Amino acid sequence: MELKTDGYRLDRTLETHAEAEGLRGEIHGRHPMDDLLRTDRLPHIWCPGCGLGTALTCFLSALLRSGLDLDKVAVVSGIGCTGRVAGYVRLDSFHTTHGRAIPFATGLKLGNPELKVVVFSGDGDLVTIGGNHFIHAARRNMDMTVICVNNFNYGMTGGQAGATTPVGGITTTSPYGNYEYPFSISALAAASGAVYVARWTVLHARRLERSIVEALLKPGFSLVEVIAPCPTGFGRRNRLRQGLDAMHYYHEHGVIQHGADPVKTDIELEGPVIEGKFVDGEKPTFLEQYRRQLDRLRGA
Amino acid sequence: MSPASRNGVLSGEFFMLGDIACAEGAICAGCRFFAGYPITPATEVAQRMSERLPLVGGIYIQMEDEMASMNAVLGASWAGVKAMTATSGPGFSLMMENLGLGVMMETPCVLVNVQRGGPSTGLPTLVGQGDMMQARWGSHGDYAIIALSPSSPQELFDLTIHAFNLSETYRAPVLVMTDAEVGHMTEKVVIPPVEEIEVIGRRKPTVPPEEYLPYRVEPGELVPPMAVAGEGYRIHTTGLTHDERGYPATADDTAQWPLVQRLVDKIEKNKDKIIMLEEDGLDDAEVAVVSYGIAARTAIWPVQMARQEGIRVGMLRLVTVWPFPDEEIRDLAGRVEGIVVPEINLGQIVREVERCAAGRTEVLSVPHPGGGIHDPQAVLRAIRRAAGRKAEA
Ligand SMILES: Cc1ncc(C[n+]2csc(CCOP(=O)(O)OP(=O)(O)O)c2C)c(N)n1
Ligand code: SF4
């Protein structure tokens with residue numbers, strides 16, 4: 001098939017979208033958060049009962065509260081259900097490859113230090129396939145906020161086990177119960193040098209939002225781990241059939257322990273979910289260190 | 001070199017290592033970001049960048065691996081900075097997935113492969129040209145790519161600048177496919193005064209953010225103008241098949257056709273502007289040597305010897321290997337009695353030559369598995385054979 005040059009254009013699709021967008025506005029009116037969303041991409045792809053909507057809402061309201069210049073905020077995601085966040089925010093946003101959001105974000109930040117770079121992605125993306133980048137960005141104290149939604153499995157590909165699946169967890173690739181030891185994402189970040197580490201379930205939305213504000217305003221590598229239900233991939237195989245069941249579970253098992261030793265924050269299949277702000281420290285960022293060495297050279 | 005000259009872009013005559021010339025070319029082209037991971041024989045590019053970039057207001061970062069390096073380069077380009085990485089075979093393999101991301105997002109950047117012998121860890125310190133097909137097809141899916149092949153440190157310098165210009169013009173990653181021999185060769189390199197070096201930047205949108213569609217081309221155009229992060233355009237870009245807004249369009253092939261076709265066409269339909277060839281003695285030639293990079297350089301002597309023996313042999317050197325000069329090779333095949341293709345692999349580009357020659361002339365491969373350059377006698381024998389076939393006919 002030989003395409004003519006104007007065959008590269010997709011005007012018709014776009015018009016259809018614009019039409020749908022207008023219709024949506026007429027029927028529903030505008031939501032206060034619409035300015036921060038690519039409303040022409042809604043409805044989103046997430047399942048009923050999924051925790052990602054709450055996580056995104058908390059992020060957007062935190063962003064508004066942070067007072068950051070929204071033209072200078074960039075969101076980078078990897079691949080997964082969580083990775084779709086980059087496609088829904090009306091900000092400069094990058095939907096990269098599986099596991100590689102953090103190095104992409106590193107380049108973005110170093111290319112333009114004025115940007116506030118936020119990585120928003122899933123547990124499989126950030127600490128399983130992308131685990132090496134995660135620990136190295138934390139080690140460097142690379143200036144970025146990482147929001148990692150932990151739903152204990154690979155949601156997007158149909159509920160497989162990953163490096164966060166608790167021992168005994170039933171997934172589509174651990175049908176008899178997972179027998180590998182999982183990572184605690186918060187402990188991993190803390191051990192690798194993150195200056196801010198907090199964990200909240202999506203039930204604790206206000207606290208989660210507050211932590212995201214703190215993380216956004218903190219220079220250096222900050223991590224907010226968000227414990228979220230994935231009824232489709234994980235919950236229904238592990239006695240949390242609906243999103244609401246997971247919320248009940250968080251209500252009963254959530255234990256707020258600010259300053260808890262991150263090493264003792266493992267999440268088991270049944271037992272407490274320790275949450276709170278685990279690390280809030282300060283140390284020069286990658287760029288500050290870089291400039292410090294250069295100044296030393298210039299002084300010499 | 002005096003430390004004073006390090007403050008800024010160099011100019012003058014130098015006795016310079018190929019890898020260092022590559023780094024200096026990048027700096028001349030305006031590259032201000034380098035992310036890499038050490039690997040022989042490309043390490044000196046990274047070392048030089050780590051020394052030079054901080055002094056010209058740029059950033060060097062050593063990443064944790066080559067997947068990270070490639071992504072950091074893409075990120076920096078989307079922040080508006082010219083960015084580069086350099087590697088060799090094993091690292092090149094690790095970069096493939098995200099080279100594809102660069103192609104899909106239409107991200108200008110330069111990737112240098114100082115090729116060594118492979119497969120696998122192969123011959124870390126010794127030359128190879130075994131990644132030429134990987135350069136073309138290494139990332140999954142359909143796409144077109146630009147790859148340049150220098151034969152000397154001077155040309156490595158020149159082509160690195162040119163690679164940046166091409167990448168900015170076509171909004172695509174551009175590969176500099178050099179090798180251990182050229183990268184580790186020290187020769188005279190002339191760096192012209194900075195104002196004499198042509199440096200091209202990407203085309204920016206002229207419309208306000210509300211009217212900007214990041215992947216829309218105007219009729220007759222193939223490369224959309226590029227807004228980057230932090231300019232207020234609130235762009236979205238993805239490795240998924242996308243529409244003109246940059247939004248995923250994955251339900252069917254509606255967006256796939258125009259997008260992928262354009263990604264290929266923006267390079268294939270600009271072949272006449274992209275392809276650079278160097279011809280020598282082809283006017284009266286009965287035999288042509290077609291080669292590239294260091295293999296083309298080692299073929300100079302056998303070509304001269306064959307001429308002294310009375311064989312009318314000429315040389316066509318592929319400065320641009322991808323996109324492939326189909327028409328030029330087709331034309332050449334109609335004029336000569338034989339084409340000899342020396343390359344430091346067991347026969348990669350020779351397949352392209354055969355495809356274009358389409359049986360109109362004899363095509364002789366002069367393979368070498370890597371680890372050394374050709375024995376000039378092997379090339380000479382092939383030239384004689386190509387010419388001899390004609391005598392027999
Ligand atoms: C290199 C590569 N391998 C595998 C995949 C397939 N894949 C897509 S998403 C995904 C897992 C996502 O899980 P997670 O990051 O936990 O996000 P969630 O979907 O649970 O939000 C996988 C394995 C891919 N896209 N790329
Ligand atoms: S599969 Fe899980 S994570 Fe993905 S949208 Fe559904 S509930 Fe959410």
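Everything quoted here is computed from the prediction, not taken from an experiment. Chain letters run A, B, ... following the sequence lines, proteins first, then strands; residues in each count from 1.
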If you count the non-hydrogen atoms of other residues, nucleotides and ligands that lie under 6.0 Å from [atom1] in [X], is the total more than 12?
X: B:D142; atom1: CG; result: no
X: A:E288; atom1: CD; result: yes
X: B:F33; atom1: CZ; result: yes
X: B:Y233; atom1: OH; result: yes

Using heavy-atom distances under 4.5 Å, tell me whether [X] contacts chain A through its side chain, its backbone, both, or neither.
X: B:A255; value: both
X: B:A68; value: both
X: B:M104; value: neither
X: B:I235; value: both

Selection from [options] maximising heavy-atom pairs under 4.5 Å formed with chain A:
options: B:W78, B:Y247, B:Y215; result: B:Y247
options: B:A227, B:G58, B:G75; result: B:G75
options: B:A35, B:P54, B:G239; result: B:P54
options: B:G100, B:A76, B:S69; result: B:A76
options: B:V81, B:T237, B:V73; result: B:T237

Less than 4.5 Å apart, side chain to side chain, heavy atoms only: is that true for [X] and [Y]?
X: A:R84; Y: B:L240; answer: yes
X: B:R234; Y: A:L70; answer: yes
X: A:L287; Y: B:I59; answer: yes
X: B:L101; Y: A:R100; answer: no
X: A:Y8; Y: B:K266; answer: no

Interchain contact, [X] with chain B, by part (heavy-atom threshold 4.5 Å):
X: A:R291; result: neither
X: A:A86; result: both
X: A:L110; result: both
X: A:L115; result: side chain

Top contributor to chain B contacts, counting heavy-atom pairs under 4.5 Å, from A:K109, A:K116, A:R90, A:R41: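 Option with the greatest count: A:R41.
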Let's test your reading of the structure: which of A:P103, A:G111, A:A101, A:G99 forms the most heavy-atom pairs below 4.5 Å with chain B?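 Most pairs with chain B among the choices: A:P103.
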Output the distance between atom [atom1] ([X]) and atom [atom2] ([Y]), rounded to the nearest 0.5 Å.
X: A:M142; Y: B:I61; atom1: CE; atom2: CD1; value: 3.5 Å
X: A:T96; Y: B:M105; atom1: OG1; atom2: CE; value: 6.0 Å
X: A:I129; Y: B:M67; atom1: CD1; atom2: CE; value: 7.5 Å
X: B:H236; Y: A:Y88; atom1: NE2; atom2: OH; value: 9.5 Å
X: A:I102; Y: B:E64; atom1: CD1; atom2: CD; value: 9.0 Å

Work out which heavy atom in A:Y290 is nearest to a heavy atom in B:Y60; give both atom names and the distance.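 That would be OH-N, 3.1 Å.
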Smallest separation among heavy atoms of B:A79 and A:L108, with atom names: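 So the minimum-distance heavy-atom pair works out to CB-O, 3.4 Å.
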Do the side chain of A:H136 and the main chain of B:M63 share a donor and acceptor less than 3.5 angstrom apart?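 Answer holds: no.
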